[in-house]
> 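Pasting a structure below so you can have a look.
Letters A, B, ... are given to chains in the order of the sequence lines, protein chains preceding strands, and every chain is numbered from 1.
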Amino acid sequence: MEHLRRNKIVDLLQSKEYGSEVLVKGWVRTKRGNKNINFIALNDGSVIHHIQVVAEVANFPEDVLKLITTGSCIAVTGILVASMGEGQSVEIQARNIEVYGTADPETYPLQKKGHSLEFLREIAHLRPRTNTFGAVLRIRHAMAFAIHKYYNDNGFYYIHAPIITGSDAEGAGAMFRVTTLDDKNPPLMPDGHVDYSQDFFGKETKLTVSGQLEGELGALALSLVYTFGPTFRAENSNTPRHLAEFWMIEPEMAFYDINDNMDLAEDFLKYLMQYALDHCYDDLEFLNKMYDNELLDRLKQVISTKFERLTYTEAVDILMASGQTWEFPVSWGTDLQAEHERYLVEKHFGKPVILTGYPKDIKAFYMKMNEDGRTVRAMDVLFPKIGEIIGGSQREENLDALLKRIHEMNIPEKDMWWYLETRKFGTAPHAGFGLGFERLILFVTGMSNIRDVIPFPRTPKNAEF
RNA sequence: UCCUCCUUAGCUCAGUUGGUUAGAGCAUCUGACUGUUAAUCAGAGGGUCGCUAGUUCAAGUCUAGCAGGGGGAGCCA
């Protein structure tokens, strides 16, 4: 007998080869019918749509049909035919059905009807089998691939920044410690502190909060580089926009100034939106219908409009002249609050905004000082619905200026020796930014909670799966 | 971490001024139905009301603490 290769449902749904024998394997979403005929909606994750398998009851043992319940996994051989029913163009007339795995309907937690996203978070091991998470995970994959494609096509090199780091000077928040010391009886120094010189790496190590500093090292040799990896923040953040473990994309470019940096950020984001529309339309359409009726329009709008670029100082003027009452009053020198950013993006301009020229005191030590001596060449890209999606800057390439900032901000200089040497030997103007991958996926999918755009979210009090 | 709301059947939720055997829809099971589209129709089973303590003759209902979750804020991506 001829060996049949498994057909993917995404291909069969577009096939016109009626009468040919096919083999599909997947998970049952629903079964319905009567004493003569059963209809099985089968999904294999290759596409959001299901294929309908038609089983004449007389052709199958009763005990086999009985095992085919929501959640079970089956393999079906049969004939691809034009559907006699209304809801689909093709279907499979089943010849043979093999049950790979049953799913006891009394205890299988996913049912035919919809579930709340909160409930699905409690069964993160099974939620990829839902339409929503299938769509989100396919889009997440497409965006990861598109990011690599964009940078590769534009001459960037992918740099792998370390995940375990001995440097805690990035200043981007609290870090998770990495150690192999005995947690009950660690070696101590005379002053009572843990003696990390006896630890695995001979020093205290943490999980990285950013690959930026290593990215800069790469850019000052390969000119155009990017990192794309997991990052970790031990902040007790309980919001729909924060994770303790998230993925970040950080391009770093030698010979770019702040304007080149903004151009890249805008072009990059628009490319990703267009890629999603070109490659994930079925999934986006589903999410648009089920969760966010403005999703498709919003993606198209971002692609077609020029992002508004203005300085922090101009933004403060607009906010103070707006006549709005703020929970947090606006004044030059204080950081903008979520309500201020939202006003600028959603009310005043009605499109994405790039803010530059922030006061030096509210930004990181490595950002390049402007001529005025009080603002730095930072840039934040603000998006509707999710706020800050990108943060970046032109970097301070002058060794003396950088040292001055390090001293002002009490950053331990000795831990930074390798970073500072790039300014000592062949320094160059350069710039870069960080894009939170999950925030991008939030925007592209229209989902409202970041826990629903990563397969297994890590948040305070939650590392179950 | 702060503010606020929530926790009752497998799921989504009702539950009156505290009152006796705790309700619905969906799911599940049984049956009916000659092509269904989250099928439909009929019937059945299913609950330590988040946990602990308190007030009261009496607590799903009131109070406190704890745990978990949602929304908003801060930190940020």
> Pick base, sugar-phosphate or nothing for A:Glu91, based on heavy-atom distances below 4.0 Å to the nucleic acid.
base
> What interatomic distance, in whole Å, is found between P of B:G70 and the corresponding atom of B:C29?
31 Å
> Strictly below 4.0 Å: does A:Asn34 bring a side-chain N or O up to OP1 or OP2 of B:G35?
yes
> Taking any heavy-atom pair under 4.0 Å as a contact, classify A:Ser237: base, sugar-phosphate, or nothing.
base
> Between B:G50 and B:U8, how far apart are the two P atoms, rounded to whole Å?
6 Å
> What is the separation between atom CE on A:Met447 and atom P on B:G71, rounded to the nearest whole Å?
11 Å
> Can you find an N or O donor on one side and an acceptor on the other, under 3.5 Å apart, linking the side chain of A:Gln111 with the base of B:G10?
yes
> Would A:Asp263 and A:Tyr256 count as having a side-chain donor-acceptor pair, cut-off 3.5 Å?
no
> Taking atom P in both B:A42 and B:C26, what distance in whole Å separates the two?
10 Å
> The side chain of A:Glu118 lies closest to which of these nucleotides: B:G69, B:C29, B:U12?
B:G69
> Does the side chain of A:Arg121 get closer than 4.0 angstrom to OP1 or OP2 of B:G68 through an N or O atom?
no
> Could you check A:Asn131 against A:Arg29 for side chain to side chain donor-acceptor pair (under 3.5 Å), going step by step and ending with a plain yes or no?
CA-CA 10 Å; A:Asn131 291 335; A:Arg29 291 297 176 77; 2.6 Å; yes
> Give a yes or no on this: more than 12 heavy atoms of other residues, nucleotides or ligands lie within 6.0 Å of atom NZ of A:Lys270.
yes
> Mind checking if A:Pro109 touches a base, just sugar-phosphate, or nothing, with heavy atoms under 4.0 Å?
nothing
> I want to verify a distance call: between B:G35, B:A73, B:G69, whose nearest atom is closest to the A:Gln337 side chain?
B:A73
> May I ask you to say what A:Leu435 touches in the nucleic acid, namely base, sugar-phosphate or nothing, with a heavy-atom cut-off under 4.0 Å?
nothing
> Starting at the 5' end of RNA chain B and moving along, which residue's nearest nucleotide shows up first, A:Ser448 or A:Glu339?
A:Ser448
> Determine the Euclidean distance between corresponding P atoms of B:G19 and B:G35; express it in Å to zero decimal places.
49 Å
> Using whole Å, what does the distance between atom C1' of nucleotide B:G69 and atom CD of A:Glu464 come to?
15 Å
> What is the separation between atom CG on A:Leu67 and atom P on B:C29, rounded to the nearest whole Å?
12 Å
> Taking CZ from A:Phe119 and C1' from B:A27, how many angstroms apart are they, rounded to a whole number?
11 Å
> Pairing check on B:G25: which nucleotide meets the Watson-Crick or G-U wobble criteria with it, both distances under 3.5 Å?
B:C11
> Just the rounded figure in Å: distance from P of B:G70 to CG of A:Asn462.
9 Å
> For B:U30, does either OP1 or OP2 sit under 4.0 Å from a side-chain N or O belonging to A:Lys66?
yes
> Examine B:A73: is either OP1 or OP2 under 4.0 Å from a nitrogen or oxygen in the side chain of A:Arg342? Give yes or no.
yes
> Any chance the side chains of A:Arg395 and A:Ser393 put a donor and an acceptor closer than 3.5 Å?
yes
> Ring-plane angle category for A:Trp332 and A:Tyr312, please: parallel below 30°, perpendicular beyond 60°, tilted otherwise.
perpendicular
> Between B:G35 and A:Phe39, is there a base-stacking contact, meaning the centre of the base's six-membered ring lies under 5.5 Å from the residue's ring centre while the planes stay under 30° apart?
no
> Less than 6.0 angstrom separating the ring centers of A:Phe268 and A:Tyr150, yes or no?
yes
> Which one is paired to B:A73, where only Watson-Crick or G-U wobble pairs with both distances under 3.5 angstrom count?
B:U1
> Side chain of A:Ala338, heavy atoms from C-beta onward: which of B:G10, B:A73, B:G35 has the nearest atom to it?
B:A73
> If you only use heavy atoms from C-beta on, which nucleotide in B:U34, B:G74, B:G70 is closest to the side chain of A:Phe328?
B:G74
> Which part of the nucleic acid does A:Thr107 contact within heavy-atom distance under 4.0 Å: base, sugar-phosphate only, or nothing?
nothing
> B:A59 and B:U63: how far apart are their C1' atoms, nearest whole angstrom?
11 Å
> Between B:A9 and B:U61, how many Å separate the two P atoms, rounded to a whole number?
15 Å
> How far, in whole Å, is B:G15 from B:C49 if one measures between their C1' atoms?
11 Å
> Determine the Euclidean distance between corresponding C1' atoms of B:G47 and B:C13; express it in Å to zero decimal places.
15 Å
> Looking at every strand, decide which applies to A:Thr239 at a 4.0 Å heavy-atom threshold: base, sugar-phosphate, or nothing.
base
> For B:G71, does OP1 or OP2 lie under 4.0 Å from any side-chain N or O of A:Asn449?
yes
> Between A:Leu42 (CG) and B:U36 (C1'), how many Å, whole number?
16 Å
> Just say parallel, tilted or perpendicular for the rings of A:Tyr151 and A:Phe156, cut-offs at 30° and 60°.
tilted
> Mind telling me whether A:Tyr275 and A:Phe145 have parallel, tilted or perpendicular rings, with 30° and 60° as the class edges?
tilted
> When the distance from NZ of A:Lys363 to C1' of B:A77 is rounded to whole Å, what number comes out?
11 Å
> It should be established whether A:Arg32 places a side-chain nitrogen or oxygen under 4.0 Å from OP1 or OP2 of nucleotide B:C33.
no
> Across all strands, who's sitting opposite B:G65 as a Watson-Crick or G-U wobble pair, both distances under 3.5 Å?
B:C51
> Check every strand shown and say whether A:Met84 touches a base, only sugar-phosphate, or nothing at a heavy-atom separation below 4.0 Å.
base
> Consider the side chain of A:Glu106, meaning its heavy atoms from C-beta on, and name the nucleotide among B:G10, B:A77, B:U28 that approaches it most closely.
B:U28
> As a test of reading the structure: which of B:A73, B:C11, B:U28 is closest to the side chain of A:Arg241, going by heavy atoms?
B:A73
> Distance criterion of 3.5 Å, no angle test: do you see the side chain of A:Gln93 paired donor-to-acceptor with the base of B:G35?
yes
> Classify the side chain of A:Asn238 and the base of B:U1 as holding, or not holding, a donor-acceptor pair under 3.5 Å.
yes
> If I take atom CG in residue A:Leu110 and atom C1' in nucleotide B:A38, what distance separates them, rounded to the nearest angstrom?
14 Å
> Under 3.5 Å, is there a donor-acceptor pair between the A:Tyr366 and A:Gln212 side chains?
yes
> With a 4.0 Å cutoff (strictly under), does any side-chain N or O of A:Thr30 reach OP1 or OP2 of B:A38?
no
> Test for a donor-acceptor pair under 3.5 Å between the base of B:U1 and the side chain of A:Glu235, counting only N and O atoms.
no
> Pick the nucleotide of RNA chain B nearest each of A:Met290 and A:Lys461; which residue has the one closer to the 5' end?
A:Met290
> Could you work out which one of B:C33, B:A77, B:U36 sits closest to the side chain of A:Lys35?
B:C33
> Going by the angle between their ring planes, with limits at 30° and 60°, are A:Tyr226 and A:Tyr158 parallel, tilted or perpendicular?
parallel
